[in-house]
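Side chains included, hydrogens not; waters and symmetry mates left out as well; all remaining heavy atoms used. Whatever order the structure lists them in is the order used to number ligands and atoms, beginning at 1. Note that this is a predicted model, so its numbers are computed, not measured.
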Amino acid sequence: MQYDTIRAIQWQDGKLLLLDQRKLPEEVVYREYQSAEQVADAIRDMVVRGAPAIGITAAYGVVLAAQQHFTQTPDNWRDCVESELDVLAKSRPTAVNLFWALAQMRHVIAANPDDPVNALLSTAKAIHEEDITANRMMGKLGSGLIEANSAVLTHCNTGSLATGGFGTALGVIRQAWSEQRLNAVYADETRPWLQGARLTAWELMQDKIPVDLIVEGAAAALMRSGKVQWVIVGSDRIAANGDVANKIGTYSLAVNARHHGIKFMVVAPSTTVDMDCVDGAAIPIETRDAAEVLNLAGQSIAAEGAGAWNPVFDVTPAELIDAIVTERGVVLQPSRDKMQAMMTAA
Ligand code: MRU
C-alpha cells in the first residue's frame, strides 16, 4: 500500500534484524541479533521501542534462544530457554505486549513440539503478521471516526517503527491521509527521547505525508487555535476499566483536549489490553535514568548538579477518552463493561 514502506523488524536467514531507532533520522542502520540476551539489551536500550514492536522482537528473541540451546544442549534446552524468557521479561515493564508475546511463546514450548525452533519461529512470524493485520483494521475503524478536512495531533511514535508495520495511531493517520480526510498532521516532539521529532517525522517524510512538529508546551495553544479536531495516540497498556498508559505527556494532552472540546482517540491492538489490570493505578510505570532528561544527543543541557524525575509513561483516565480503537472494534466513552464486551466478543 502507498504510505506504508517501513519495516523495522525483519527475520532473515535465522537472524533478527532491527532498525536502530537511536540513530534515526541521521542514519538508517539495521543491526543483527543472534541471542536473546542481545535482544533484551536492544529493547532496554531503545534500539527497538513501541509496545507491539517490543512484543514481536521478544518473540523472535525466544526463537534465537531456542536455536542456540537446542543445538548446543539438546537435553536441557528447555531450562536454558526458560531463563532467557526471564531475561527478556525484565527488559521493560510497562508494555504488556511484551508479556503477552512471551506467554504465547511459553505455550508453544509447553506443547512439547518435535521441532521447537520451527514451531517457535512460526508463532513469532504469526505474532508479527497478525499485528500488521490488526493495524490495518484499526486504521480503517479509526479513520472512519474522523470527519473530512480535519487535522490531528499525535504524540510519541506509534507507526511502523513501533509495531510490526503500518502503526496504531499513526496507522489511523496513514489511513485517514490516504482517504483524504486530513488537511494537517501535527506531532509533539516528545521529550526526552524525541520519538515525535526523530521517528514520527522521519516515518511520515518517508511515506510523503506532511507533518508539522510542535514542542509539547505548544499543544494547548494549538488546540485553542482551532487547528486540530482530534488527538490520536497509542498505548502501552490499557486497563480493564479503559484507563490507558502511554508515553509521558499523553495525560496532559487528554486534559487539554477535554478543556478545548477536542476529541481524544487511543488506538491499540487487543494485545495491549490487560484485563488483569483492574485500573490504571495497577499499571507498572517505567522510570528511566535522569541522564535522559539532563542530556540531549550526548550533550548536557541542564545546570550542573540538577536532578531529574523521568517517568516515561503516564496514565490517562478512561473518562478523558472519547474512543478506544482496537482491531476488535471501537469502544466509545470506555467503561469496564464496554471493555469487557469488546474483549469477549467473537
Ligand atoms: O518509550 P517508548 O518509545 O517505547 O514508548 C512508546 C509509546 O509510548 C507508544 O505510544 C506506545 O508504545 C504505542 S506504539 C504503537
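- The closest approach between a heavy atom of Met46 and any atom of ligand 1 is below 4.0 Å.
- Residue-ligand proximity, Thr158 to ligand 1, at heavy-atom distances under 4.0 Å covers atoms 10 (O), 14 (S), 15 (C).
- The shortest heavy-atom distance from Ala95 to ligand 1 is not under 4.0 Å.
- Ligand 1 lies nowhere less than 4.0 angstrom from a heavy atom belonging to Trp193.
- Note on ligand 1: Thr163 sits in its first shell, one or more heavy atoms being nearer than 4.0 Å.
- Between Ala58 and Leu102, the shortest heavy-atom contact is CB-CD2, 4.0 Å.
- Distances from ligand 1 to the non-hydrogen atoms of His155 include no value under 4.0 Å.
- Taking the ring axis of Tyr3 as reference, the NZ or CZ atom of Arg174 does not stay both within 45° of it and closer than 6.0 Å to the ring centre.
- Taking the six-membered ring where the residue is Trp, Tyr60 and His128 present perpendicular rings, their angle passing 60° and hence far from 30°.
- Residue contacts with ligand 1: Cys156 is placed with no nitrogen or oxygen under 3.5 Å of a nitrogen or oxygen of the ligand (distance criterion only).
- Residues Trp202 and Arg198 share a closest heavy-atom pair of CB-O, 3.0 Å.
- Shortest contact from atom 10 (O) of ligand 1 to any protein heavy atom: Asn246 OD1, 2.6 Å.
- For ligand 1, the atoms closer than 4.0 angstrom to any heavy atom of Arg92 are 1 (O), 2 (P), 4 (O).
- Here the heavy atom of the protein found nearest to atom 15 (C) of ligand 1 is Thr168 OG1, 3.1 Å.
- A salt bridge links Glu82 to Arg106: one of the charged nitrogens lies within less than 4.0 Å of a carboxylate oxygen.
- For atom 14 (S) of ligand 1, the closest non-hydrogen atom of the protein is Ala162 CB, 3.6 Å.
- A continuous path of ILVMFWY side-chain contacts below 4.5 Å connects Tyr33 to Ile127, so both sit in one hydrophobic cluster.
- Between Glu286 and Arg44 there is no salt bridge, since none of the side-chain N atoms of the basic residue sits less than 4.0 Å from a carboxylate O of the acidic one.
- By the 4.0 Å N-to-carboxylate-O rule, Arg22 lies close enough to Asp20 to be salt-bridged with it.
- Atoms of ligand 1 lying under 4.0 Å from at least one heavy atom of Gln195, given by number and element, are 1 (O), 2 (P), 3 (O).
- For the residue pair Val87 and Ala40, the shortest heavy atom distance occurs at CG1-CB, 3.8 Å.
- Residue Ala51 has at least one heavy-atom neighbour below 4.0 Å for each of these atoms of ligand 1: 12 (O), 14 (S).
- With sequence neighbours excluded, the residues that form a side chain to side chain contact (heavy atoms under 4.5 Å, CB included) with Ala126 are Glu130.
- Results of the side chain to side chain contact (heavy atoms under 4.5 Å, CB included) test with Val231 over Met223, His260, His155, Lys263 single out Met223 as the only residue that passes.
- Near Phe313, meaning under 4.0 Å from one of its heavy atoms, ligand 1 places the atoms 1 (O), 5 (O), 8 (O).
- Looking from atom 5 (O) of ligand 1 to the surrounding protein, the closest heavy atom is Lys247 CE, 3.3 Å.
- Counting protein heavy atoms only, atom 7 (C) of ligand 1 is closest to Asp236 OD1, 3.3 Å.
- Of all the heavy atoms of Pro52, the ones lying under 4.0 Å from any atom of ligand 1 belong exclusively to the side chain.
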